[in-house]
Every structure is written in C-alpha cells, then in structure tokens.
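Following: one structure in structure tokens, then a few remarks.
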Amino acid sequence: MDTEKITIGLLGLLEITQDGEPISVHPSKKTRALLAYLAATGKPHTREHLCDLLWDGPVDPRAELRWSLSKLRNILNNKTTKRIIGDHHSVWLEPVHTEIDLLTVQNLIASSPEKTSTDDLRTAAKLFRGEFLEGLTLSGCYRFDIWCTSQREYIRKLRDEILSTLIKRFASEPETALHYARERLAINPYSEESYIDLIRLLGETGNTHEAMEQYERCKKMLIDEIGTRPSQELESVRKNLPHSDSAVAKKSKVIERQRYLISSPYSLTGRENEQAIIQNFIDNRQTESSPNILLFSGEPGIGKSRMLDEFAAKIYKMGGDVLTGRTFDIEVVRPYGAWIDALRMIPHDLIAPGIRKDLAPLLPELSKETSPVEKRNRIFDAVVSLLNSIAGTANPLAIILDDIHWFDEASAALLHYIVRNIKESEILFACSARQAEL
C-alpha cells in the first residue's frame with residue numbers, strides 16, 4: 001500500500017477502501033475489533049488495557065495482541081507511511097492520509113446538529129451505511145461489548161438527530177424531507193415521532209394511501225409492541241391528510257405507485273456484476289425456463305438491501321409495481337409479518353370480494369367474517385389469486401422481501417407456495433438473507 005488516502009468505515013460493516021476499492025481486512029474478529037477500537041477512539045491505549053479489552057483469558061494476551069498488530073501493520077503500514085504505531089507501553093492509530101467516517105461525522109456535527117450547516121448535515125447523513133460495526137460481536141469480551149453497545153446507542157441517537165434536523169430544514173421541500181423521514185423510520189421502527197413525520201410528509205406529497213397504511217402500521221405497533229394508544233399528535237396528522245381522488249385512483253387497475261425506500265438519494269455506482277444480474281433477471285422474466293426469484297445473500301452490511309432498492313428502482317422505471325415487506329428479529333413470532341406489510345400496500349378496491357373472507361386472517365380489515373386460520377391452503381390460494389389478478393400483462397409486479405432469514409415457518413411456506421403457483425404471471429421476487437442464518 002502506498003501513500004494514497006484510505007478510508008476506514010465504521011458506520012456499517014467494518015471496511016477499508018483505497019480510491020473506492022475495498023482492501024481485505026483480516027478475518028479474525030479480535031483483529032477487526034482492535035482496528036475498530038483504535039480508529040474510533042483516536043488516541044493511544046496501553047497494551048495492558050487492550051489485552052484486558054480483547055484477550056482477558058488463559059492464553060498469552062500480549063502475544064495475541066502482537067499477532068493482531070502485525071496483521072494490521074501488513075494492511076495499513078508501508079515503507080513511507082506508518083499508521084499502526086506502538087512502543088513498549090502504548091499502541092495507537094495515526095490517521096496519516098486516512099479518513100475515518102465516524103470521526104468525519106463527529107467533526108462535521110461539532111457541538112450539535114441544530115448548530116450545523118445543512119450541507120454538513122447532508123454530508124454526514126450520507127456517511128452512514130448501517131449500524132456502528134454492524135455484525136461485529138465478541139460475546140466473550142465483555143469490556144469490548146459494553147463499549148461497542150454504548151457507542152451504538154450514541155451513534156444511533158446522533159444519526160436520528162441528524163435526520164430529524166434535516167427533516168425540519170427541508171420543511172418547504174417535502175419531497176426531499178420525505179427521503180430523510182423514511183431513513184429515520186428505518187433505523188428506529190418503534191418511534192411514533194418518526195411515523196408522524198413520515199405520515200405528514202406523505203400527505204404533503206400526495207401519497208395519501210401510503211400515509212394511511214403507515215398510520216395503521218404505527219397504530220398496530222403501538223398497541224401490540226408497546227402497549228399504548230396513538231397520541232393526539234398522530235391522530236391529528238391522520239385527520240389532516242388530504243382526501244385521495246378515488247376517481248383518478250380507479251382509472252387504471254394497477255397498484256398506486258409507492259415511493260420505495262431508497263437507502264441513498266444518490267445513484268448506485270459500481271457493483272456492475274450485481275446490476276447486470278438484476279437487469280438480466282428482469283429482461284428474461286418471460287422466458288419459460290427462467291427463475292422468478294432472486295436472492296441476495298451474505299454477511300450483514302454488504303449492501304443486500306441496497307441491491308433490493310436498485311431492483312425496485314428498475315421495476316418502477318419500466319412502469320411496474322412493487323410490494324415490499326421486511327422481517328425483523330423481534331417479530332419472528334408474528335406469523336406472516338412481512339407478507340401482511342406487503343399485501344397492505346394493495347388498495348382494497350383491487351381485492352375481489354370473493355377472496356376477502358379467506359384473506360381476512362392476514363388482513364382483518366377486509367372482512368369481519370374469517371376463514372379458520374388453520375386452513376392455510378385457503379389463505380395461500382387467496383393470496384395467489386390476488387397477486388395474479390393485479391399482475392400486469394406487460395409490466396411486472398415485483399415482491400421484495402428483506403431479511404427472510406427471520407421468516408417464521410408460515411411465511412416461508414407461503415413464499416414457497418406462491419413461487420410454485422404463479423409461473424405464468426408477470427410476478428418477480430427479490431429477497432435478501434444472511435447466509436449463515438438462513
């Protein structure tokens with residue numbers, strides 16, 4: 001490695017890049033944790049402290065530390081630039097020709113988001129790729145895990161404040177503010193305040209149907225997960241939503257266009273191979289032998305959700321429709337959770353009366369009379385019938401399911417059944433999963 005500038009990314013999956021190209025980091029979790037700790041703290045640490053932090057056990061801690069430092073020096077040091085520096089007593093990371101995303105954000109924000117310029121806030125928001133050191137856990141290193149947990153809480157709060165401030169700054173530009181409102185809700189799906197901002201902005205941008213869907217989702221979350229009722233502010237935002245023009249909505253038998261949650265307001269650069277696979281998957285959808293499901297798998301933080309965003313963007317660009325659902329680890333006991341979220345994006349006037357009773361176990365708002373939940377075949381047939389009825393003849397319907405490694409058994413069975421029974425329809429699936437947990 002020469003003296004070219006490198007970037008150490010901590011706000012997401014730990015990564016090192018040089019001129020935009022990734023540099024392999026040693027797979028040892030403790031070596032990665034050591035690098036992250038030195039980069040995030042930005043100061044010297046005694047060897048004794050680092051040993052206690054990561055190697056408090058029966059092995060020789062100092063020997064383990066020396067081994068990890070040697071691996072980091074091979075990556076970050078060269079003849080002209082020394083970044084990993086140590087003496088007999090201390091070790092530190094010298095950021096020579098080095099940018100660390102967390103420290104950049106902290107320098108941009110200075111005292112508080114409210115006192116930071118809008119341009120700096122937008123730059124800071126763009127640097128977040130996910131949770132701090134996403135996926136990096138050391139269950140046996142209690143001191144490191146305590147530090148990492150506190151950092152994650154601090155950084156999550158800082159990111160929330162940055163996005164909240166940007167939403168206020170762009171109050172007169174609701175389309176721009178809407179992007180930040182979606183991002184804020186994505187990182188804090190149990191915040192009523194985040195829902196309120198999103199619902200209000202959806203109303204201001206004419207997305208009344210989605211605003212009502214988000215209201216219902218928030219209401220259910222508050223009752224089922226938190227055990228409280230919607231606040232007066234949430235109810236007030238709902239009442240102030242503009243009425244949608246039902247006559248216009250019924251002009252075409254297609255799903256009302258939803259503004260899909262794009263992880264970044266900027267175009268995707270790189271990932272040419274993945275983009276080519278997505279495009280080929282879409283272009284060959286009518287080929288009899290082609291699959292109708294695309295799976296992005298891998299470790300947390302590698303960009304699986306971002307590729308789903310790109311898939312959705314391509315579908316929208318060609319005039320197709322997108323239904324989206326996501327599974328959360330905390331909701332694994334909620335049957336059909338992702339499917340319920342996806343199906344609720346379909347306007348009720350597109351759902352045939354004859355199948356509403358069978359769909360009611362998933363969408364109780366459709367009918368007071370329901371079929372027995374245990375008769376899954378009737379539910380499954382009703383879902384297939386619904387999807388076939390709304391799939392276009394020329395433009396595809398895409399169903400995007402994120403984090404399916406947390407699927408409950410019923411959700412997995414429904415996905416399997418649908419994929420087997422809609423082969424002649426213009427319906428495509430794209431899913432993401434962590435391979436190790438699938």
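Looking at every heavy atom in both residues, I399 comes nearest to I427 through CD1-CG2, 4.0 Å. Closest approach of D145 and S139 over heavy atoms only: OD2-CA, 3.5 Å.
Within 6.0 Å of NE2 in H416 there are 12 or fewer heavy atoms belonging to other residues, nucleotides or ligands. For E233, the CD atom counts as loosely surrounded, since its 6.0 Å shell holds 12 or fewer non-hydrogen atoms of other residues, nucleotides or ligands.
The backbone N or O of P242 sits less than 3.5 Å from a side-chain atom of T208, completing a donor-acceptor pair. Judged by distance alone, the side chain of E192 and the main-chain N or O of L234 form no donor-acceptor pair under 3.5 Å. No donor-acceptor pair under 3.5 Å is formed between the side chain of D321 and the backbone N or O of L397. Listed for the R152 side chain is a donor-acceptor partner under 3.5 Å among the backbone atoms of F132.
No side-chain heavy atom of L343 sits less than 4.5 Å from a side-chain heavy atom of I351. For the pair E99 and T17, the minimum side-chain heavy-atom distance is 4.5 Å or more. F296 has its side chain out of reach of S305: every pair of non-hydrogen atoms, C-beta onward, lies at least 4.5 Å apart. Side-chain contact between W406 and R434 is present, with heavy atoms from C-beta onward closer than 4.5 Å. Considering only heavy atoms from C-beta on, R229 stays 4.5 Å or farther from L222 through its side chain. Side-chain contact between H209 and P347 is present, with at least one heavy-atom pair separated by less than 4.5 Å. The closest side-chain heavy-atom distance from C431 to I400 is not below 4.5 Å. With contacts defined as side-chain heavy-atom distances shorter than 4.5 Å, the pair L386/L359 qualifies.
A salt bridge links E310 to R306: one of the charged nitrogens lies within less than 4.0 Å of a carboxylate oxygen. Under a 4.0 Å N-O distance rule, the pair E114/K168 does not qualify as a salt bridge. Ion pairing of R238 with E235 is present here, as a side-chain N (NZ or NE/NH1/NH2) and a carboxylate O approach within less than 4.0 Å. Salt-bridge check for R159 with E131: failed, with every basic side-chain N at 4.0 Å or more from each acidic carboxylate O. Salt bridge annotation for R217-E213: absent, with no cationic side-chain nitrogen under 4.0 angstrom from a carboxylate oxygen. Between E204 and R200, at least one side-chain nitrogen of the basic residue sits less than 4.0 Å from a carboxylate oxygen of the acidic one, meeting the salt-bridge criterion. For the pair E64 and K30, the salt-bridge criterion is not met [side-chain N within less than 4.0 Å of a carboxylate O]. Under the 4.0 Å criterion applied to side-chain N and carboxylate O atoms, R326 and D341 are not assigned as salt-bridge partners. The pair E134-R129 fails the salt-bridge criterion, with no side-chain N (NZ, NE, NH1 or NH2) lying under 4.0 Å from an Asp/Glu carboxylate O. Taking the charged nitrogens against the carboxylate oxygens, R344 and E365 do have a contact shorter than 4.0 Å, which makes a salt bridge.
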>> Applying salt bridge (charged side-chain N to carboxylate O under 4.0 Å, His left out) to E210 and R182, what does each step give before you reach the verdict?
In response: CA-CA 12 Å; E210 187 184 354; R182 290 184 185 278; 2.9 Å; yes
> Going through the checks in order, is the side chain to side chain contact (heavy atoms under 4.5 Å, CB included) test met by L294 and I278?
Replying inline: CA-CA 8 Å; L294 188 63; I278 292 173; 4.1 Å; yes
> Run the side chain to side chain donor-acceptor pair (under 3.5 Å) check on D408 and S411 step by step: do they pass?
Replying inline: CA-CA 5 Å; D408 60 282; S411 295; 2.6 Å; yes
>> One pair to check against side chain to side chain donor-acceptor pair (under 3.5 Å): D381 and Y417. What are the steps and the verdict?
In response: CA-CA 9 Å; D381 285 339; Y417 185 84; 2.2 Å; yes
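Judged purely by distance below 3.5 Å, without hydrogens or angles, the side chains of R169 and Y180 never pair a donor atom with an acceptor atom. A side-chain donor-acceptor contact under 3.5 Å links N207 and T205. Looking at R83 and T98, their side chains do bring a donor and an acceptor atom within 3.5 Å of each other.
The aromatic rings of F281 and F311 lie tilted to each other, with the angle between the two planes from 30° to 60°. Ring-plane geometry between W339 and F407 is classed as tilted, the angle between the planes lying from 30 to 60 degrees on a 0 to 90 degree scale.
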